[in-house]
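I have placed the structure first, in the form of structure tokens, so that the comments after it can refer back to it.
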Amino acid sequence: IARATRPTRVPTLGELQSMVAAMPVGTPIDRRYRAVVGLIAISAARDDAVASLQVQDFDVDDKQLFQDSRHVRTKFRKTFPTWLNDFDTGFFDIVAEWKKELVEDHGFGPTDPLFPKTDTSFGPDGIRMPPRLARGTWANADAIRRILSKACAGADVSAFKPHSIRKTMTLVVMESTNSIAAMKAYSQNLGHDDLKTTIFTYGNVPTHRQRELVLGLRIKTAEPEPAE
């Protein structure tokens, strides 16, 4: 007996913008959280890869995220570059400002984590000290999943998994271009060798957009020939 599967929750680009806009920015921890969501949105990188990035991997001038498998936890340990188009969301600038803060205000170097762990400690009187940035790298993507869940709640957006953002951005690209070359370039951005992997895995049109596209179809009529 065939079983219907529930569609995966895929956020819209507008929802991602609402989430980032609602995130607090008062502390370095807050700004780290916001930069995490912003970078996942513009890179569509896997959450565990993002958790293991180093400062040097984010090239502001070239607008590139270099996913170096020697230290970045990519799928199949693959190394590849990802160029970052933020589609006028302002997310790129948020991540660039975060890197600048790490380097200039916190003294982080090229091989330090781009998204460092939180250091929690207690004072001599046993009172818990305010959280601060550590030099260690997250061991997995659990923290990123918590960050995303909290950001959804803060913006009153229905929860979704970090991996769903890969589908969001693939659909954004599909709506933005008719160029096979551009789609192939974006596929390589995701680390895919075959464009079909990108389309078949992440290009499934959400039901609301499926409805709009199908109901918007019209039969093309031939243009009348000009009178002589």
Side-chain angles (χ1 to χ4, degrees), residues 8 10-11 13 16 19-20 23 29 31-60 62-87 89 91-92 94-99 102-103 108-118 133-152 159-173 184-195 197-198 200-203:
T8 301
V10 178
L13 185 57
L16 295 178
M19 289 165 54
V20 172
M23 297 179 77
I29 304 300
R31 294 188 290 275
R32 179 194 62 185
Y33 288 170
R34 191 172 68 140
V36 164
V37 178
L39 184 60
I40 292 177
I42 60 176
S43 68
R46 296 176 183 275
D47 52 8
D48 202 30
V50 171
S52 54
L53 290 169
Q54 294 181 353
V55 171
Q56 64 185 348
D57 299 326
F58 180 67
D59 187 331
V60 176
D62 196 37
K63 293 191 173 183
Q64 182 196 142
L65 183 69
F66 188 64
Q67 301 192 48
D68 187 339
S69 65
R70 288 175 297 178
H71 57 265
V72 179
R73 297 190 293 268
T74 58
K75 189 174 183 179
F76 303 131
R77 307 302 296 172
K78 185 175 184 178
T79 295
F80 59 96
T82 296
W83 277 273
L84 307 170
N85 183 337
D86 74 357
F87 294 94
T89 59
F91 293 166
F92 182 86
I94 288 172
V95 186
E97 289 166 6
W98 170 245
K99 177 177 178 177
L102 279 178
V103 174
F108 276 53
T111 59
D112 285 324
L114 183 62
F115 300 115
K117 294 167 58 175
T118 304
L133 302 175
R135 293 298 174 115
T137 301
W138 282 319
N140 52 50
D142 289 351
I144 289 181
R145 292 162 193 158
R146 290 192 296 269
I147 290 167
L148 197 62
S149 178
K150 186 176 180 180
C152 286
F160 56 87
K161 297 179 180 179
H163 200 74
S164 294
I165 296 178
R166 289 170 75 86
K167 296 186 178 182
T168 300
M169 299 314 297
T170 297
L171 293 170
V172 168
V173 172
K184 175 58 177 171
Y186 183 72
S187 177
Q188 293 172 198
N189 245 23
L190 297 180
H192 294 160
D193 294 322
D194 193 334
L195 177 57
T197 303
T198 305
F200 293 157
T201 305
Y202 301 114

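Quantities reported herein were computed from a predicted structural model and do not represent experimental measurements. Just so you know, residue 1 is the first one in the sequence shown, and it goes up from there.
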Exercise for the section: Kindly say whether Pro11 contributes a backbone atom to a donor-acceptor pair with the side chain of Thr168 at under 3.5 angstrom? Expected result: yes

Practice task
For the residue pair Leu148 and Met19, establish whether any side-chain heavy-atom pair is separated by less than 4.5 Å.
Solution key: yes

Practice task
Measure the shortest side-chain to side-chain distance between Ile42 and Asn85 over non-hydrogen atoms and say whether it is less than 4.5 angstrom.
Solution key: no

Problem - Residue pair Arg32 / Thr118, side-chain donor-acceptor N/O under 3.5 Å - result: yes

Practice task
Decide if atom NZ of Lys75 counts as having more than 12 heavy atoms of other residues, nucleotides or ligands within a radius under 6.0 Å.
Solution key: no

Practice task
Report the C-alpha separation of Thr198 and Thr170 in whole Å, then their side-chain angles, then the decisive distance to 0.1 Å, and conclude whether the side chain to side chain contact (heavy atoms under 4.5 Å, CB included) test is met.
Solution key: CA-CA 8 Å; Thr198 305; Thr170 297; 3.9 Å; yes

Exercise for the section: State, with a plain yes or no, whether a side-chain heavy atom of Thr111 is found less than 4.5 Å away from one of Val55. Expected result: no

Exercise for the section: First locate atom NZ of Lys99, then atom CG of Leu114, and finally report the distance between them rounded to the nearest 0.5 Å. Expected result: 8.0 Å

Handout entry: Salt-bridge contact Arg46-Asp48 (side-chain N to carboxylate O under 4.0 Å)
Key = no

Handout entry: Point-to-point distance, once rounded to the nearest 0.5 Å, from CZ of Arg73 to OG of Ser52
Key = 4.5 Å

Practice task
Give, for atom OG of Ser43 and atom CG of Leu190, the distance between the pair rounded to the nearest 0.5 Å.
Solution key: 9.0 Å

Handout entry: Distance (rounded to the nearest 0.5 Å) between Arg166 CZ and Lys161 NZ
Key = 14.5 Å

Problem - Leu65 side chain reached by Leu53 side chain, heavy atoms, under 4.5 Å - result: yes

Exercise for the section: Would you mind reporting whether Lys63 and Asp86 have side-chain heavy atoms less than 4.5 Å apart? Expected result: no

Exercise for the section: Give the ring-plane orientation class for Phe115 versus Trp138, where under 30° counts as parallel, over 60° as perpendicular and anything between as tilted. Expected result: parallel

Handout entry: Side-chain heavy atoms of Leu13 within contact of Phe87, under 4.5 Å
Key = yes

Completion exercise
Tightest non-hydrogen contact, residues Ala45 and Val50, listed as CB-CG2, 3.7 Å

Completion exercise
Exactly one candidate in Phe66, Phe92, Phe108, Trp83 meets ring pair (Phe, Tyr, Trp, His ring centres under 6.0 Å) with Phe58; the answer is Phe92

Handout entry: Distance-only side-chain donor-acceptor flag, His163 / Tyr202, under 3.5 Å
Key = yes

Exercise for the section: List the atom of Leu133, the atom of Pro116, and the distance in Å for their closest heavy-atom pair. Expected result: CD2-CG, 4.0 Å

Exercise for the section: Please report the closest heavy-atom contact between Lys78 and Thr74, naming both atoms and the distance. Expected result: O-OG1, 2.7 Å

Completion exercise
Nearest heavy-atom contact between Ile144 and Ala51 is CD1-N, 3.6 Å

Handout entry: Gap separating the CG atom of Asp59 from the OG1 atom of Thr82, nearest 0.5 angstrom
Key = 12.5 Å

Handout entry: Residue Arg77 excluded, over 12 heavy atoms near CZ under 6.0 Å
Key = yes

Exercise for the section: Nearest 0.5 Å please: distance from the CD1 atom of Ile94 over to the OG1 atom of Thr89. Expected result: 7.5 Å

Exercise for the section: Without swapping roles, check the side chain of Asp68 against the backbone of Arg70 for a donor-acceptor pair under 3.5 Å. Expected result: yes

Exercise for the section: Kindly indicate whether the side chain of Leu102, heavy atoms from C-beta on, has any atom under 4.5 Å from the side chain of Asp112. Expected result: no

Exercise for the section: Please report the C-alpha distance between His71 and Thr137 in whole Å, then the side-chain angles of each, then the deciding distance to 0.1 Å, and finally whether the side chain to side chain contact (heavy atoms under 4.5 Å, CB included) criterion is met. Expected result: CA-CA 10 Å; His71 57 265; Thr137 301; over 6 Å; no

Handout entry: Modelled atom types, side-chain donor and acceptor of Gln67 and Thr79, under 3.5 Å
Key = no

Handout entry: Six-ring centre of Tyr33, Lys150 cation under 6.0 angstrom, axis tolerance 45°
Key = no

Completion exercise
When every non-hydrogen atom of Asp194 is compared with those of Ser187, the smallest separation belongs to O-OG, 3.6 Å

Problem - Least distance between heavy atoms, Asp47 atom then Ala141 atom - result: CG-CB, 3.5 Å

